Protein chains: 2
Amino acid sequence: MAGTGTRRKGLRLSRERRVAEIMAAARAVFREKGYDEALLSEIAERAQVVEGNIYRYFDNKRDLLVKVIEDWYETMLADYDQQLSRIHGTRARLNFMIWRHLKTVHDEPSLCQLMFLHLRTWPDYSSTAVHELNREYTRRTLDIVREGIEAGELRDDVPLRLVRDMIYGCVEHRTWAYLRGEGDFDPDKVADDIVDLVLGGLARHGARSEERPDIAERLENAVARLERLSAHPDS
Amino acid sequence: MAGTGTRRKGLRLSRERRVAEIMAAARAVFREKGYDEALLSEIAERAQVVEGNIYRYFDNKRDLLVKVIEDWYETMLADYDQQLSRIHGTRARLNFMIWRHLKTVHDEPSLCQLMFLHLRTWPDYSSTAVHELNREYTRRTLDIVREGIEAGELRDDVPLRLVRDMIYGCVEHRTWAYLRGEGDFDPDKVADDIVDLVLGGLARHGARSEERPDIAERLENAVARLERLSAHPDS
DNA sequence: CAACTTAATGAACTCAATTCATTATTCCGC
DNA sequence: GCGGAATAATGAATTGAGTTCATTAAGTTG
């Protein structure tokens with residue numbers, strides 16, 4: 001009982017600080033264990049609080065997860081626009097958006113899984129702040145497409161919404177195995193492949209098939225990577 | 001207590017029949033309530049068994065769901081090949097595959113949601129029979145693409161896997177809101193749109209070559225971006 | 001009809017989320 | 001400084017679900 005490293009009883013923090021501590025602990029536990037396996041008792045222990053005290057600040061376990069993801073999302077999207085602003089050209093900008101998403105999945109698989117499988121599926125997701133943030137996030141992609149259409153580079157007879165669904169749906173399916181812990185993937189390569197497929201389509205539209213259009217594509221992808229490098233040096 | 005419609009005690013069925021009754025009840029309850037909200041007590045009640053008896057036939061709640069979905073999947077895929085065999089041409093066959101998937105989601109949203117959100121996400125999904133059935137299911141799509149490539153109709157420089165991810169990912173994202181109970185969609189129209197986008201791509205590849213930037217132009221643009229990059233790295 | 005096999009019961013158990021009456025700490029006006 | 005309001009924190013109790021198991025009942029077989 002002489003231990004000083006044990007639970008210091010009666011340590012009282014401001015609401016703000018306590019909330020921050022609980023959310024930090026919760027993020028760690030959720031990340032390690034997933035939603036169902038994450039125990040409030042463990043979160044409480046790591047946050048140095050008693051279990052019941054969490055309910056002063058969060059309605060329930062679910063609410064805690066929502067706030068954790070929300071917090072993560074906000075910091076993640078913070079420098080997004082700035083990075084994007086340095087990249088020019090429809091293809092390169094699309095490439096960046098897709099690559100960025102892939103990179104996020106690659107770096108934070110657990111949190112992404114929580115987002116995909118738990119947050120997004122609950123019936124009140126639409127009223128969440130995360131939903132709104134997510135719409136912002138994907139709206140940029142549609143803006144790029146819209147600009148491409150106005151510039152005459154892209155077809156104007158495709159439902160915009162479907163383009164978004166195709167891109168993000170494709171990313172998600174492509175990363176599914178990785179999220180399940182099976183195998184790995186390379187964000188750069190997958191991004192290139194997806195942009196190529198989305199823009200070019202599967203069919204051969206073939207005036208001259210012997211002329212390799214992919215030379216230009218490969219160069220453009222390379223330039224996109226260079227741009228990314230200057231926008232986000234630690235990629 | 002004179003009721004004759006109440007639980008008839010001591011009614012004993014063969015293993016087969018009892019399993020069937022429990023699965024029917026489970027499917028109904030899972031469909032109405034989703035996984036978490038579905039109570040074993042309610043399943044037991046509808047199946048006219050006591051709760052504990054379910055554990056004679058199923059390891060746990062999760063196992064029960066797996067078997068329910070498996071059962072549904074099998075009947076669903078039964079007449080698949082036969083239908084497909086009557087359809088000819090790459091585009092039409094792709095269209096059928098996509099439309100069929102959309103139709104399933106449209107008709108059985110709840111079961112699809114269980115499949116997408118619960119089965120597929122659990123860590124041992126890969127060892128499930130449903131996983132194998134699902135691979136069968138999507139393999140047909142890849143066969144169609146492969147045949148299209150061999151016939152020279154489709155590009156041969158696209159990762160097949162990505163095509164599959166794009167198609168099924170797109171379908172899933174497109175139907176997300178519907179699965180959440182928001183709005184509706186038309187399987188016919190969405191299938192047409194998806195096939196069109198997947199085959200044709202987003203870019204305009206005009207017959208009139210003067211309307212699109214040619215390779216030289218695109219290279220010059222790319223180089224211009226590089227120049228911009230080295231001139232003012234944070235423009 | 002006796003022995004055996006298997007279906008069914010229902011109460012008990014576990015374990016995690018959640019609630020709440022109570023206690024401790026800090027803040028603030030006098 | 002000091003008394004009291006506000007609020008952070010406690011820990012024991014409650015709830016509610018899944019799961020287990022010893023026991024009983026029903027059918028089957030020789």
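Below, chain A is the first sequence line, B the second, and so on; all start at residue 1. Heavy-atom basis, side chains included; hydrogens, waters and symmetry copies ignored. The structure presented is a predicted model; accordingly, all values stated were derived computationally and were not measured.
- No hydrogens or angles were tested; on distance alone, nothing pairs the side chain of B:R56 with the base of C:dT6 as donor and acceptor under 3.5 Å.
- A:Y57 comes within contact range of the sugar-phosphate backbone alone, with a heavy-atom separation under 4.0 Å but no base atom that close.
- Taking the side-chain contact (heavy atoms from CB on, under 4.5 Å) definition, one finds that B:D63 meets it with B:F58, B:D59, B:N60, B:K67, sequence neighbours left out.
- Counting non-hydrogen atoms of neighbouring residues, nucleotides and ligands closer than 6.0 angstrom, the CZ atom of B:R135 reaches no more than 12 such neighbours.
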The test is side chain to side chain donor-acceptor pair (under 3.5 Å); show your working for B:E32 and B:S110 and say whether it passes. CA-CA 7 Å; B:E32 287 169 32; B:S110 304; over 6 Å; no

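- A donor-acceptor pair shorter than 3.5 Å can be found between the side chains of A:R100 and A:T104.
- The closest side-chain donor-acceptor pair between A:H106 and A:D184 falls under 3.5 angstrom.
- Rounded to whole Å, atom P of C:dT26 lies 8 Å from atom CG of A:L11.
- Per the geometry, CZ belonging to A:R62 stands 11 Å off P belonging to C:dT18, to the nearest Å.
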Report all interatomic pairs (protein N or O, nucleotide N or O of nucleotides 16-18 of chain D) with separations under 3.5 Å.
from, atom 1, to, atom 2, distance (Å)
D:dG18, OP1, B:A38, O, 3.4
D:dG18, OP1, B:K61, NZ, 3.1
D:dG18, OP2, B:L40, N, 3.1

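- Judged by the 6.0 Å and 45° rule, B:K61 forms no cation-pi pair with B:Y55.
- The distance between atom CG of A:D63 and atom P of C:dT18, rounded to the nearest whole Å, is 10 Å.
- Of the two residues contacting DNA chain C, namely B:R15 and A:D59, the nearest-nucleotide position lying further toward the 5' end is that of B:R15.
- Contact annotation: B:R18 does not reach the phosphate of C:dA7 (side-chain N/O to OP1 or OP2, under 4.0 Å).
- One atom, CZ of B:R12, and another, P of C:dA7, lie 6 Å apart when rounded to the nearest Å.
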